[in-house]
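See below for the structure under consideration.
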Amino acid sequence: MVEFEVESDAPTASLPTVVDAAALRQAVAELRRGGQRIGFVPTMGALHAGHLSLVELARQHADRVVVSIFVNPTQFGPDEDLDRYPRTPEADAALLAGAGCDLLFLPAPEVLYPNPEVADRAAVEPGSAARGLEGARRPGHFRGVATVVCQLFHLVTPEVAVFGRKDAQQLAVIEQLVRDLHLPVEIVAGETVREADGLALSSRNRYLAPSERQAATVLSRALVAARRAIRDGETSAARVRRLLERTIAAEPRVRLDYAEVVDADSFSPVDEIHDRVVLPLAAFLGETRLIDNFALDPQALRAEASGALSPTEKEIPCSA
Ligand code: PAF
């Protein structure tokens with residue numbers, strides 16, 4: 001095991017870091033000694049406060065926390081940003097050391113992909129949750145995600161794994177994978193962390209020019225407007241979709257890719273909004289593609305609007 005030397009205010013800060021499978025297994029066995037539960041947060045690095053909140057959540061559900069950083073080539077399409085995806089391992093390690101991470105797994109590509117011929121490799125086929133939206137627009141993306149997540153689960157062998165609600169469809173795909181393949185891991189979902197003006201934190205926000213950064217707030221504003229409409233009794237998914245589209249169209253620097261209303265579990269589009277739904281959207285700001293969503297429980301929202309919930313129940317978050 002190497003100690004990743006990190007720049008930090010604390011002069012002794014260092015983070016135990018492993019880069020290959022054998023060292024990982026040994027380090028995890030040591031962490032697990034005495035019956036400790038392992039929590040796992042898989043990431044692609046370029047960490048921000050959203051990732052750190054997932055580490056914090058993992059700490060609440062487990063005794064030891066392992067984080068992986070791996071920019072997974074198989075989930076990027078040929079015209080996507082694999083080459084320019086931000087890679088900041090030193091800064092990431094410093095953040096993780098201060099966030100209570102016990103072990104960093106930082107595999108070289110050949111550890112996970114010893115055979116670079118993608119066509120020859122075994123892969124994991126995701127289920128129906130991967131079909132629409134991101135899955136339709138980014139062919140092979142969720143296959144790449146499902147495959148690397150399965151590899152990481154087998155290597156890290158966590159009791160609990162934490163994924164962010166920001167990537168709501170990815171979360172649905174992983175939950176289905178774990179359910180359908182009986183993977184022995186509990187999936188915990190972490191809420192989306194937002195800037196004060198509503199922009200969801202994302203590693204890709206750093207691509208935005210200042211004017212694009214400002215324009216990007218229209219995404220969360222559109223979601224807030226849609227949530228208000230649903231709270232006030234709107235049940236037509238088509239009308240909510242149009243509201244999202246209209247709000248985003250008012251910002252000329254943003255080109256909407258999609259705005260949908262889908263069932264929270266299956267991720268299939270719904271016509272009527274009665275049960276838990278997700279409102280996922282994707283949009284381009286220049287070359288940068290951002291995604292965001294709200295997960296909503298319409299019944300709880302409407303009960304809140306009619307004052308039927310107690311103050312404590314009102315505090316239960318119903319949006320990602
Ligand atoms: O959400 C991410 O950062 C990635 O999709 C994941 C889950 C680490 C798989 O590469």
Side-chain angles (χ1 to χ4, degrees), residues 24 39-55 57-58 65-77 80-89 91-92 95-96 99 101 103-109 111-113 118 121 123-127 129-130 133-135 137-156 158 160-178 181 183 185-193 200-207 267 278 280 282 289-293 320:
L24 174 69
F40 176 46
V41 184
T43 81
M44 297 207 300
L47 303 182
H48 49 65
H51 295 108
L52 301 185
S53 74
L54 303 182
V55 174
L57 196 55
V65 177
V66 179
V67 175
S68 66
I69 295 180
F70 180 66
V71 182
N72 172 34
T74 65
Q75 68 187 76
F76 287 79
E80 295 184 7
D81 57 345
L82 173 62
D83 290 339
R84 73 174 185 133
Y85 196 85
R87 289 160 172 88
T88 56
D92 291 346
L95 288 171
L96 291 172
C101 167
L103 178 69
L104 172 60
F105 179 40
L106 195 64
V111 173
L112 293 175
Y113 297 117
V118 171
R121 295 179 44 78
V124 176
E125 199 57 47
L133 304 176
E134 293 300 295
R137 283 158 181 85
R138 304 180 65 190
H141 168 68
F142 284 125
R143 194 173 202 254
V145 171
T147 302
V148 81
V149 166
C150 266
Q151 285 180 295
L152 291 167
F153 281 175
H154 281 109
L155 288 162
V156 178
V160 179
V162 182
F163 291 82
R165 287 193 192 280
K166 158 79 170 26
D167 294 299
Q169 190 173 8
Q170 169 172 282
L171 175 63
V173 167
I174 301 295
E175 282 174 336
Q176 185 180 25
L177 191 72
V178 166
L181 301 187
L183 302 181
V185 57
E186 178 195 347
I187 302 300
V188 171
E191 298 302 324
T192 301
V193 177
L201 297 193
S202 161
S203 303
R204 290 186 168 102
N205 288 352
R206 65 185 78 194
Y207 297 152
F267 243 78
V278 177
R289 185 170 181 277
L290 298 183
I291 57 172
D292 198 355
N293 72 86

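The chain is numbered in sequence order, starting from 1. All values below come from the heavy atoms of this structure, side chains included, with hydrogens, waters and symmetry mates left out. In this text the structure is predicted, and so the values were computed from the model without any measurement. Remember, it's 1-based here, ligands and their atoms both numbered in the order they're listed.
Here the OG1-CZ distance, from Thr43 to Phe163, works out to 11.0 Å after rounding to the nearest 0.5 Å.
When the options Leu201, Val193, Leu95 are evaluated for a side chain to side chain contact (heavy atoms under 4.5 Å, CB included) with Leu52, the one that passes is Leu95.
The salt bridge (Lys or Arg N to Asp or Glu O under 4.0 Å) search around Arg87 returns none, not counting sequence neighbours. By the side-chain contact (heavy atoms from CB on, under 4.5 Å) test, Asn205 is found to be paired with Leu199, Ser202, Leu208, Leu290, residues two or more places apart in sequence or in another chain being considered. For Tyr85, the side chain to side chain donor-acceptor pair (under 3.5 Å) test picks out no residue, with sequence neighbours left out.
The backbone N or O of Leu112 sits less than 3.5 Å from a side-chain atom of Gln151, completing a donor-acceptor pair.
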For ligand 1, which of its N or O atoms have a protein N or O partner closer than 3.5 Å, and how long is each gap?
{"residue": "ligand 1", "atom": "1 (O)", "partner": "Gln170", "partner atom": "NE2", "Å": "2.8"}
{"residue": "ligand 1", "atom": "5 (O)", "partner": "Gln75", "partner atom": "NE2", "Å": "2.9"}
{"residue": "ligand 1", "atom": "5 (O)", "partner": "Gln170", "partner atom": "OE1", "Å": "2.7"}
{"residue": "ligand 1", "atom": "10 (O)", "partner": "Gln75", "partner atom": "OE1", "Å": "2.6"}

